[in-house]
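The structure appears right after this line, and notes come after that.
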Amino acid sequence: MKELNKYSKTVTQDPTQPAAQAMLHAIGLTKEDFKKPLVGIASTGYEGNPCNMHLNDLAKLVKKGTINKDVIGLIFNTIGVSDGISMGTPGMRFSLPSRDVIADSMETVVQAMSYDGMITVVGCDKNMPGALMAMIRVNKPSILVYGGTIDSGCHNGKKLDVVSAFEAWGSKVAGNMSESEFETIVEKACPGAGACGGMYTANTMASAIEALGMTLPFNSSNPATGEEKKEDAFNAGEAMRILLEKDIKPSDIITKNSLENAIRLVTILGGSTNAVLHFLAIARAAKISFTLEDFQRISDNTPFLADLKPSGKYLMEDVHRVGGIPAVMKYLLAKGLLHGGCLTVTGKTIAENLAEVDGLQEGQDVIMPIETPIKASGHLRMLYGNLAPEGSVAKITGKEGLKYKGTAKVFESEYAANDGIREGKVSKGDVVVIRYEGPKGGPGMPEMLKPTAAIMGAGLGKEVALITDGRFSGGTHGFVVGHITPEAQEGGVIALVKDGDIIKIDADTNSIILDVSEEELESRKAKWTEPPLKVTRGVLYKYAKTVSSAALGCVTDEF
């Protein structure tokens, strides 16, 4: 029989480690337990965020599942940051760095404690890529458990989610909504536990990681509350036994083909631009060549099918209602859009897993037929040009048009842009430019849902474009371009834009052009000086000094 405790035996079986064994006895383990594999169960549960508030309870169910299969599951915790709560505040600068802190801390515990595998119980946006990066680095049998999506709120017969609150603020600021109506929407938008309900970053990443093969089937679409999610957690604990017996590691599951499956599903679903940033980092951790060009290649050859928020009308709970992510994947496999031979954490291939599930519900309209897509090619566009010679990422569904030409309205920070929009400084035909919000300049490359939601709420969604070296929430929609590289802090051309300059964005040619002569740009560059970093110590300072370009995934473990 295969040795299941090949790492933990270093502390449990070695007679020269009596102190380690004494301490393990102290936590309740017996001599018989010392013969069993030890698995770390990493929870990002904490009370301060609906995405994470229930995760510690799920971790306990995971532990029961491991015990049921003679595996010793040991729970530990790491940090989380709520994007929704920190959005639009200085705290949002800590969100993307938290991904790497999560990865570092999970890797640290699993390696330091000589665990034989790991199970991660995660909820909000950065939890999932952080956990997956740790799994890849550790490369021991691993499985991810997503906490699930939140139930929708409701007001006047209309479904609500967290983005409804931001857009209500935009409507109120524009004078289109009363204070009492605004407060009612805020109170009703988020009814309990679970991650943001649309195809925003959390549900995007969870779905993609299921397609990648690193979760059990249905894990991403089962809602946060209810028996199905509890069963998810318990079953993941049990599944660890198979992974240990077969010695199935992340390196066996995560390949170029499985990455393509993940991004194909992101494209079908109209998922978050953050998936680009995170999967660049995930691929680098796995030492697989996967670049912006791969995202564009997949987007060019994949239709956009899902009528999901933020650009559509449905939520993840509706995907669950019509069959769940496995039903969507089964449809894609039948249409030749997935690599069915990729291995998964069940020990079976994608195709073998999907053979056991039902297809999409008859008559559903959440996922459009491939013959009548919402858009014939994907919504993710990698744009290049003199404004972004190293690339940028746009989320263009086609509903806002495919081309935009306008005059620059420049803001030196997100806060300045928020003030400008509120004060009516942004008009039809403008391209809002928000700079010095990149990974170094932010620092932390904050998401900016507030300005885009304000633009939508003010009724300017089809009249105004917005570009930035920062990034956007998965809840963002409209004509927006982020991740512009090089960023302003490094002297990228975005630092040289002036009010009134003409900017051309074209999703057909994948270009973003500042209509200013090379001579003029050289003159402006000669006068530009790099501003000092906004921080001089602490986590954000370390991040700004070590982080790579957004075009490389904003990784911090390569020097």
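No experiment lies behind these values; they were computed from the predicted model shown.
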Nearest heavy-atom neighbours spanning C554 and R99: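 What the structure gives for the nearest pair is O-NH2, 2.9 Å.
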
Exercise: identify the closest heavy-atom pair between S95 and R471: OG-NH2, 3.6 Å

Residue of the set M448, M445, E412 for which side-chain contact (heavy atoms from CB on, under 4.5 Å) holds with E437: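 For E437, the side-chain contact (heavy atoms from CB on, under 4.5 Å) test succeeds with only one of M448, M445, E412, which is M448.
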
Is there a donor-acceptor contact under 3.5 Å from the side chain of [X] to the main chain of [Y]?
X    : Y    : value
K409 : D499 : no
T302 : S299 : no
N261 : H339 : yes

Qualifying residue for side chain to side chain donor-acceptor pair (under 3.5 Å) with N274, from D83, T204, T201: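 Answer after filtering D83, T204, T201: T201.
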
Atom NZ of K542 with >12 non-hydrogen neighbours under 6.0 angstrom: no

Over 12 foreign heavy atoms within 6.0 Å of NZ, K405: no

Full working for side chain to side chain contact (heavy atoms under 4.5 Å, CB included) between I370 and L332: CA-CA 9 Å; I370 207 165; L332 300 183; 5.7 Å; no

Modelled atom types, side-chain donor and acceptor of N139 and S251, under 3.5 Å: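 Looking only at side-chain atoms, S251 and N139 do form a donor-acceptor pair, the distance falling under 3.5 Å.
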
Criterion salt bridge (Lys or Arg N to Asp or Glu O under 4.0 Å) on K256 and D294, from CA distance to verdict: CA-CA 10 Å; K256 183 92 174 205; D294 289 295; 3.3 Å; yes

Check ion pair R381-D508 (N to O, under 4.0 angstrom):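 Salt bridge absent between R381 and D508.
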
Lys/Arg cation over aromatic F182: K172, 6.0 Å, 45° cone: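 Yes, K172 sits over the ring of F182.
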
is_close_aromatic(F290, F295), centroid dist under 6.0 Å: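 That pair passes the under 6.0 Å test.
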
